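Please read the structure below before turning to the comments.
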Amino acid sequence: MLDAKFVRAEPEKVRQALVYKNCDPTLLDQFLLLDEKRRGLLYEVEKLKAERNTVSEQIAQMKREKKDAAAEIERMREVSQRIKEMDSELSELEQKLTDVLMNIPNVPHESVPLCKDDTENKIIRCEGEKREFDFEPVPHWELAAALDIIDFERGSKIAGSGFILYKGLGAKLERSLINWMLDVHTLEHNYVEVFPPFLINRRSMIGTGQLPKFELDMYHTDKDDDLFLDPTAEVPVTNIFMDEILDGRELPINLTAYTACFRREAGAAGKDTRGLLRVHQFDKVELVKFCTPETSYDEHEKLLADAEDILKRLRLPYRVVLLSAGDMSFAAAKCYDLELYAPGVDKWLEVSSCSNFEAFQARRANIRYRPGPGAKPEFVHTLNGSGVALPRLVVSILENYQQPDGTVEVPDVLRPYVGAEVIA
RNA sequence: GGAGAGGUGGCUGAGUGGUCGAAAGCGGUCGCCUGCUAAGCGAUUGUACGGUCAUAAAGCCGUACCCCGGGUUCGAAUCCCGGCCUCUCCGCCA
């Protein structure tokens with residue numbers, strides 16, 4: 001959520017954000033109109049409340065002196081009635097105002113290309129060499145089926161399409177990757193590991209910006225519980241400090257978490273759905289940072305480097321893409337995607353989005369810090385990035401490390417975890 | 001699932017329907033003092049929204065906030081109802 005004062009002061013920046021992030025541009029005018037109305041009404045009702053407070057005090061005084069206050073009480077009865085009516089009108093206005101504000105996206109950082117779609121995304125750099133094959137590389141679903149490490153049919157049988165059953169060394173590879181990535185981030189990148197709940201309440205989903213706009217993308221339990229299945233560890237981990245005031249001296253706080261992630265992927269039907277490319281449940285190791293506004297863009301680069309390090313250590317070819325405004329998420333101010341090359345499907349696959357949300361999430365989730373002793377609390381800046389998401393990483397490993405006989409070499413760094421040099 | 005207790009400021013913890021934004025302590029900040037440190041003394045110390053000012057800061061004025069939402073009342077931290085959460089005991093269970 002943006003600061004109402006910012007929207008008032010910089011309407012043109014907000015209008016631009018609405019246009020380039022493909023949101024309803026009239027939201028700005030709705031906001032300004034409602035805001036104006038609200039301030040007028042607020043002034044009126046507060047005047048009445050001030051009167052009520054003074055007269056109530058007089059009544060108390062008169063009662064103490066045993067004087068008759070019947071006339072004042074009668075008058076205040078009417079004033080209170082009036083206040084009640086105006087208050088309910090006001091809270092209706094405020095509800096509308098919040099609804100509007102909640103649907104206004106974050107403003108892109110000045111370094112972000114202004115474009116409504118992905119056509120102006122910038123490839124910042126490519127890392128690692130694409131492997132030269134002296135045979136025709138096959139897609140991961142063929143490799144996995146032949147090696148019997150993923151059973152797509154039985155996964156579907158249990159849950160539905162887009163749900164994966166890993167087997168044998170496939171399951172072990174998955175578990176190894178999770179453990180290895182967590183070890184790298186905690187032991188070498190200075191993150192603290194957390195293991196959050198996988199079911200999340202509505203308030204938290206609003207806090208990070210998944211709601212109210214994207215409710216249909218989420219799995220939701222029945223009305224009595226009103227809980228959502230974790231779509232990304234960003235949600236439970238960012239909300240750890242909801243409604244708290246952090247000590248500025250503790251910042252930056254770096255957290256990493258493994259969670260399963262659940263997404264309905266409504267509206268993505270038929271697109272890249274083969275094999276592991278787009279699934280409803282997947283594993284992910286996430287990186288989350290809380291920092292001061294002064295350092296958030298430096299921390300953003302560090303976050304990117306920490307995620308990239310995983311891909312470098314696995315010696316996989318990838319590229320770094322700076323997303324344009326229209327391709328970024330609703331809450332982000334700036335975002336880099338990491339895309340791994342997968343030779344079997346001959347595609348660049350997104351395995352991480354590293355975003356700086358500035359104070360957008362912190363304002364919604366009410367996460368503040370005290371810059372110094374006795375100083376006023378300020379909103380923190382929050383950042384997160386996948387470090388990294390598993391299915392497409394597995395795709396890239398299988399397809400890049402495949403051998404002519406259909407077996408797959410295990411990357412060096414994973415061998416102690418998998419306990420094998422080859423998946424055969 | 002059943003029974004009970006409770007949710008107060010950065011923290012601990014009092015609290016009477018009106019003089020409570022809220023005692024006290026801790027912590028923080030500023031100053032004094034002790035030649036350093038520790039201790040001591042004095043003062044100060046919540047947040048949000050709106051207004052005033054020049055849509056700067058400070059100041060000043062107002063309103064709201066003692067878990068959340070309703071209600072009673074001229075007036076609610078205080079009384080009533082609903083919800084959420086925490087703790088204890090029992091049940092069930094990994």
Side-chain angles (χ1 to χ4, degrees), chain A residues 1-14 28 31-98 100-101 195 197-207 221 223-228 236 239-251 253 290 359 362-380:
Chain A
M1 172 163 78
L2 296 173
D3 186 356
K5 282 183 194 145
F6 174 83
V7 180
R8 245 177 258 147
E10 304 278 0
E12 279 319 304
K13 285 189 184 166
V14 176
L28 174 64
F31 172 86
L32 294 173
L33 187 72
L34 289 166
D35 183 54
E36 190 70 35
K37 270 196 195 167
R38 170 183 169 268
R39 276 143 79 202
L41 191 58
L42 188 62
Y43 178 74
E44 292 301 324
V45 74
E46 285 190 350
K47 246 186 356 194
L48 286 182
K49 284 181 180 175
E51 186 189 355
R52 182 178 67 184
N53 287 344
T54 4
V55 176
S56 285
E57 230 167 88
Q58 287 168 10
I59 291 170
Q61 181 69 28
M62 290 165 83
K63 292 222 160 174
R64 252 175 271 130
E65 293 168 5
K66 309 262 189 247
K67 289 188 196 157
D68 177 29
E72 280 73 14
I73 289 173
E74 184 51 40
R75 193 156 64 82
M76 285 308 104
R77 206 193 302 272
E78 281 164 33
V79 170
S80 279
Q81 186 54 36
R82 196 70 214 296
I83 289 172
K84 212 169 151 185
E85 289 161 15
M86 290 170 87
D87 262 344
S88 76
E89 202 180 327
L90 191 63
S91 75
E92 205 176 300
L93 261 178
E94 281 174 345
Q95 187 54 52
K96 280 187 197 160
L97 201 55
T98 312
V100 171
L101 204 54
F195 199 116
F198 288 6
L199 285 162
I200 298 165
N201 62 29
R202 185 172 287 275
R203 171 80 207 282
S204 298
M205 295 292 279
I206 290 170
T221 66
K223 285 286 180 214
D224 289 341
D225 292 319
D226 197 25
L227 292 167
F228 295 84
N239 283 292
I240 286 174
F241 298 118
M242 171 169 34
D243 292 327
E244 291 190 34
I245 298 173
L246 303 169
D247 185 338
R249 289 170 295 199
E250 290 169 10
L251 300 178
I253 294 172
F290 303 83
R363 198 172 284 113
R364 287 177 167 237
N366 191 28
I367 306 168
R368 294 175 293 171
Y369 74 103
R370 211 177 283 283
K376 268 194 165 190
E378 307 264 357
F379 289 111
V380 298

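The sequence lines fix the lettering, A, B, ..., with proteins before strands; numbering per chain opens at 1. The shown structure was predicted, so the numbers you read here are calculated from the model rather than taken from an experiment.
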In terms of side-chain heavy atoms of [X], which of [options] is nearest?
X      : options             : value
A:R38  : B:U72, B:C74, B:C49 : B:C49
A:P377 : B:G50, B:U47, B:G10 : B:U47
A:R52  : B:U72, B:G51, B:G75 : B:G75
A:S80  : B:C49, B:G75, B:G10 : B:G75

Across all strands shown, which nucleotide pairs with [N] by Watson-Crick or G-U wobble geometry, both distances under 3.5 Å?
N     : value
B:C20 : none
B:G6  : B:C85
B:G1  : B:C90
B:C11 : B:G25
B:C41 : B:G31
B:G75 : none
B:G62 : B:C49

Separation of atom [atom1] in [X] from atom [atom2] in [N], rounded to whole Å:
X      : N     : atom1 : atom2 : result
A:E10  : B:U55 : CD    : P     : 16 Å
A:E94  : B:C49 : CD    : C1'   : 8 Å
A:L90  : B:C65 : CG    : P     : 13 Å
A:I83  : B:A64 : CD1   : C1'   : 12 Å
A:D3   : B:G50 : CG    : P     : 9 Å
A:E244 : B:G46 : CD    : C1'   : 17 Å
A:R202 : B:C84 : CZ    : C1'   : 15 Å
A:E57  : B:G21 : CD    : C1'   : 14 Å

Looking at A:S204 and A:N239, would you say the former's side chain and the latter's main chain have a donor-acceptor pair under 3.5 Å?
no
Quick one: does A:S80's side chain have a donor or acceptor within less than 3.5 Å of a partner on A:R77's backbone?
no
Determine the contact category for A:R203: base if any of its heavy atoms lies under 4.0 Å from a base atom, sugar-phosphate if only primed atoms, P, OP1 or OP2 are that close, otherwise nothing.
nothing
Report, one pair per line, the protein and nucleotides 58-62 of chain B atoms (nitrogen or oxygen only) whose separation is under 3.5 Å.
{"residue": "B:G62", "atom": "N2", "partner": "A:E46", "partner atom": "OE1", "Å": "2.9"}
{"residue": "B:G62", "atom": "N2", "partner": "A:E46", "partner atom": "OE2", "Å": "3.3"}

At what distance, to the nearest 0.5 angstrom, does CE of A:M86 lie from CD of A:Q81?
12.5 Å
Taking N or O atoms only and anything under 3.5 Å, show me the protein contacts with nucleotides 68-70 of chain B, one pair per line.
none

Contacts of type salt bridge (charged side-chain N to carboxylate O under 4.0 Å, His left out), residue [X], not counting sequence neighbours:
X      : result
A:E92  : none
A:K67  : A:E65
A:E250 : none

Whole-angstrom distance between [N] and [M], as gauged at atom [atom1]:
N     : M     : atom1 : value
B:A56 : B:C74 : P     : 43 Å
B:G2  : B:G46 : P     : 44 Å
B:C61 : B:U72 : C1'   : 31 Å
B:C66 : B:U78 : P     : 8 Å

On RNA chain B, more 5' by nearest nucleotide between A:Y43 and A:K84 is A:Y43
Residues that A:F31 engages under ring pair (Phe, Tyr, Trp, His ring centres under 6.0 Å), provided they are two or more places apart:
none
Between the protein and nucleotides 29-31 of chain B, list the N/O to N/O atom pairs that are separated by less than 3.5 angstrom.
none

What heavy-atom pair brings [X] and [Y] nearest, and what distance separates the two atoms?
X      : Y      : value
A:A69  : A:M62  : CA-CE, 4.0 Å
A:I245 : A:P377 : CD1-CG, 4.1 Å
A:L32  : A:V7   : CD2-O, 4.4 Å

Report the residues that fulfil side chain to side chain contact (heavy atoms under 4.5 Å, CB included) with A:N366, sequence neighbours left out, ordered by chain and then residue number.
A:R203, A:D243, A:R368, A:F379
Show which side-chain atoms of residues 36-44 of chain A pair as donor or acceptor with protein atoms under 3.5 Å away, not counting sequence neighbours.
{"residue": "A:R38", "atom": "NE", "partner": "A:E94", "partner atom": "OE2", "Å": "2.9"}
{"residue": "A:R39", "atom": "NH1", "partner": "A:D35", "partner atom": "OD2", "Å": "3.0"}

Pairing residues for A:R370 by the side chain to side chain donor-acceptor pair (under 3.5 Å) criterion, not counting sequence neighbours
none
Can you name the side chain to side chain donor-acceptor pair (under 3.5 Å) partners of A:E51, sequence neighbours left out?
A:R75
Give me the residues of residues 59-67 of chain A where at least one heavy atom lies under 4.0 Å from an atom of RNA chain B, by number, or none.
A:I59, A:A60, A:K63, A:R64
